[in-house]
Amino acid sequence: MIKPNVIVLCGPTASGKTSLSIELAKRINGEIVSCDSMQIYKDMDIGTAKPTEEEKQGIKHYLIDFLSPDKRYSVADYKKDAEQSIEEILKKGKVPIIVGGTGLYVNSLIYNIEFKDNKIDIEYRNKLENIINTEGLEKLYEIAQKIDSEAMENISKNDKKRIMRVLEIYNQTGKTKTELEIESRKNEPKYRYIVFTLDMDREKLYERINKRVDLMIEKGLIKEVEKLVNTYKSMPTAIQGLGYKEVVDYLNGSYSKEEMIEKIKMETRRYAKRQLTWFRKNKDAIWLNGLEPTINNINTILEVYSGKRTS
RNA sequence: GCCUCGAUAGCUCAGUUGGUAGAGCAAGGGACUGAAAAUCCCUGUGUCAGUGGUUCGAUUCCACUUCAAGCCA
């Protein structure tokens, strides 16, 4: 059986994914599935650089702007939702285009990582937090080491989230993280994912990031955040978004407006660097230069897509 | 113009009782399976402002030059 083609366009923030993907979708009768852990949230438009209706040019976008910022969401939810979206697009006879910068989410699709149908046990997580506060993180590290020493080889003794996760998995499933990950990789992907990574000269990318942050402030990012914190009592994940937590600190008087803007720029540059580390790891990806004219990049994608080019 | 102080990593500075130097921040690289825009790990060669002098040896001491800051006029 021939697997359907699915195009994946990843790359660091501000590399030009949005406009390239929309041009591509118009060209090949495609629809876009976003792969972005922050654009999923409603009421967070400016800071996440969500495409506007005008920018979308009538191209349907999935997994954007559909979740309340007070809700939790995870890679497991994403995997399920994204595959459902892909199916819907294929049913229409259109081409699915996955677009975004969240490396973890991209991998869940292209390596077909299968997640069990479990919810996060917040009570247990709080219990672990308590142990950290009373006995220290070392205590949890030791326990985790006993449960799954193999997984702990890659986890620093300071990496609170990952140490907790090892314990959470064991508590919930009775299996180790290592065992579960082997099971999660059993099945081949259902689609032929063709992965493109959009990048450009680092200096140029940073210039674009800086400019984009200034533009966000101009467009009213501060107002957006004010409204957000007044509307939602708690935002466990959404408030972690770049730009959002910094504006909250600014509103609390932690630093001046200028300092806030510089901080957002710096954190965004660092984020872009981390994204690139993630994408470089995928040796099958085909790299595109965001400084090239859009038409050139589209032609490259089309050549690979239609099988005229393999690398 | 006088006096004082300074010039060391991209930035802010420490230091070498003379044997070519190190912190913080920035930056770069990396890890990543249910919070991922999160979380975490690793990485410090730079004409020690320039030119001369003393010395086996000067970034360190001395002289001059340039630049910057403060004070007195």
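The chains referred to below are lettered A, B, ... by the order of the sequence lines, with proteins before strands, and numbering in each begins at 1. Quick note: numbers below take in every heavy atom, side chains included, and nothing from hydrogens, waters or symmetry partners.
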Nucleotide B:A27, atom C1' - distance to CD of A:Glu203 in whole Å
13 Å

Which part of the nucleic acid, if any, lies within contact of A:Thr48, taking any heavy atom under 4.0 Å across all strands shown: a base, the sugar-phosphate backbone alone, or nothing?
base

Residues A:Asp201 and A:Lys204 bridged, charged N to O under 4.0 Å:
no

Charged N to carboxylate O below 4.0 Å: is that the case for A:Glu31 and A:Lys60?
no

Value in whole Å for how far the P atom of B:A36 lies from NZ of A:Lys79
17 Å

Could you list by number each residue of residues 171-191 of chain A showing a heavy-atom separation from RNA chain B of less than 4.0 Å, or answer none if no residue does?
A:Lys177, A:Glu181, A:Ser184, A:Arg185

Quick check against the 3.5 Å criterion: does A:Asn5 have a side-chain atom that pairs as donor or acceptor with the backbone of A:Ile194?
no

side-chain hydrogen bond (donor to acceptor under 3.5 Å, both in side chains), paired with A:Thr13, selected from A:Arg208, A:Gln275, A:Arg212:
A:Arg212

5'-most contact on RNA chain B (nearest-nucleotide basis), A:Gly243 vs A:Ser156, goes to A:Gly243

Can you list the residues that meet the salt bridge (charged side-chain N to carboxylate O under 4.0 Å, His left out) rule with A:Lys265, with sequence neighbours excluded?
A:Asp214, A:Glu262

Listed in order of residue number, which residues of residues 260-277 of chain A have a non-hydrogen atom at under 4.0 Å from RNA chain B?
A:Met266, A:Arg269, A:Arg270, A:Tyr271, A:Lys273, A:Arg274, A:Thr277

Nearest whole Å is fine: how far is B:C40 C1' from A:Leu104 CG?
15 Å

Stems in RNA chain B: runs of 3 or more consecutive Watson-Crick or G-U pairs, distances under 3.5 Å?
B:10-13 with B:22-25, B:27-31 with B:39-43, B:49-53 with B:61-65

Looking only at side-chain N and O atoms, does A:Asn158 come under 4.0 Å of OP1 or OP2 in B:C41?
yes

In sequence, state the C-alpha distance, the side-chain angles, and the governing distance for A:Lys56 and A:Glu53, and then conclude on salt bridge (Lys or Arg N to Asp or Glu O under 4.0 Å).
CA-CA 5 Å; A:Lys56 286 185 197 166; A:Glu53 285 311 315; 3.1 Å; yes

Given the C1' atoms of B:A68 and B:G50, what is the spacing between them in whole Å?
15 Å

May I ask you to decide whether A:Lys245 forms a salt bridge with A:Glu267, counting only side-chain N to carboxylate O separations under 4.0 Å?
no

Rounded interatomic separation in angstrom, taking CE from A:Met164 and C1' from B:G34:
13 Å

For A:Asp36, report the nucleic acid contact type (base, sugar-phosphate, nothing); a contact means any heavy atom under 4.0 Å.
base

Regarding A:Arg27 and A:Glu23, does a basic nitrogen lie under 4.0 Å from an acidic carboxylate oxygen?
no

Can you check the A:Met152 CE to B:C40 P distance for me, whole Å?
14 Å

Scan residues 109-144 of chain A against RNA chain B and write down, sorted by residue number, each residue with any heavy atom closer than 4.0 Å; if none is found, say none.
A:Ile113, A:Phe115, A:Lys116, A:Asn118, A:Ile120, A:Arg125

Starting from P on B:U39, measure out to CD on A:Gln240 and report it in whole angstrom.
6 Å

Taking A:Lys227 first and then A:Glu224, would you say they form a salt bridge - that is, a charged N and a carboxylate O separated by under 4.0 Å?
no

In this structure, how many angstroms lie between the P atom of B:G34 and the CG atom of A:Asp81, rounded?
17 Å

Give A:Tyr206 one of three labels, base, sugar-phosphate or nothing, depending on what nucleic acid heavy atoms sit under 4.0 Å from its own.
sugar-phosphate

Check whether any side-chain N or O of A:Arg72 sits under 4.0 Å from OP1 or OP2 of B:G34, and answer yes or no.
no

Between A:Arg165 and A:Glu168, does any NZ, NE, NH1 or NH2 come within less than 4.0 Å of an OD or OE carboxylate oxygen?
yes

Could you state whether A:Val75 and A:Leu67 fall into the same hydrophobic cluster, counting links through intermediate Ile, Leu, Val, Met, Phe, Trp or Tyr residues with side-chain heavy atoms under 4.5 angstrom apart?
yes

Before accepting this row, confirm whether a basic side-chain N of the pair A:Glu181/A:Lys175 lies closer than 4.0 Å to the acidic partner's carboxylate O.
no

Electrostatic pair A:Glu150-A:Lys177, nearest N-O below 4.0 angstrom
no

Distance-only donor-acceptor test (3.5 Å): side chain A:Arg280, base B:G30:
no

Hey, does A:Tyr244 reach any base, or is it just sugar-phosphate, or nothing, if we go heavy atoms under 4.0 Å?
nothing

Rounded to whole angstroms, how far apart are CG on A:Leu67 and P on B:A35?
14 Å

Once salt bridge (charged side-chain N to carboxylate O under 4.0 Å, His left out) is applied, do any residues pair with A:Asp65, and if so which ones, sequence neighbours excluded?
A:Lys50

Does a distance-only test, which skips hydrogens and angles, find a donor-acceptor pair under 3.5 Å between the side chain of A:Arg162 and the base of B:A36?
yes

Counting any heavy atom closer than 4.0 Å, what does A:Gly47 reach on the DNA or RNA strands: base, sugar-phosphate only, or nothing?
base

How would you label the contact of A:Tyr105 with the nucleic acid (heavy atoms, under 4.0 Å): base, sugar-phosphate, or nothing?
sugar-phosphate

Can you give me the closest heavy-atom contact between A:Ser85 and A:Val33, atom names plus distance?
CB-CG2, 3.9 Å

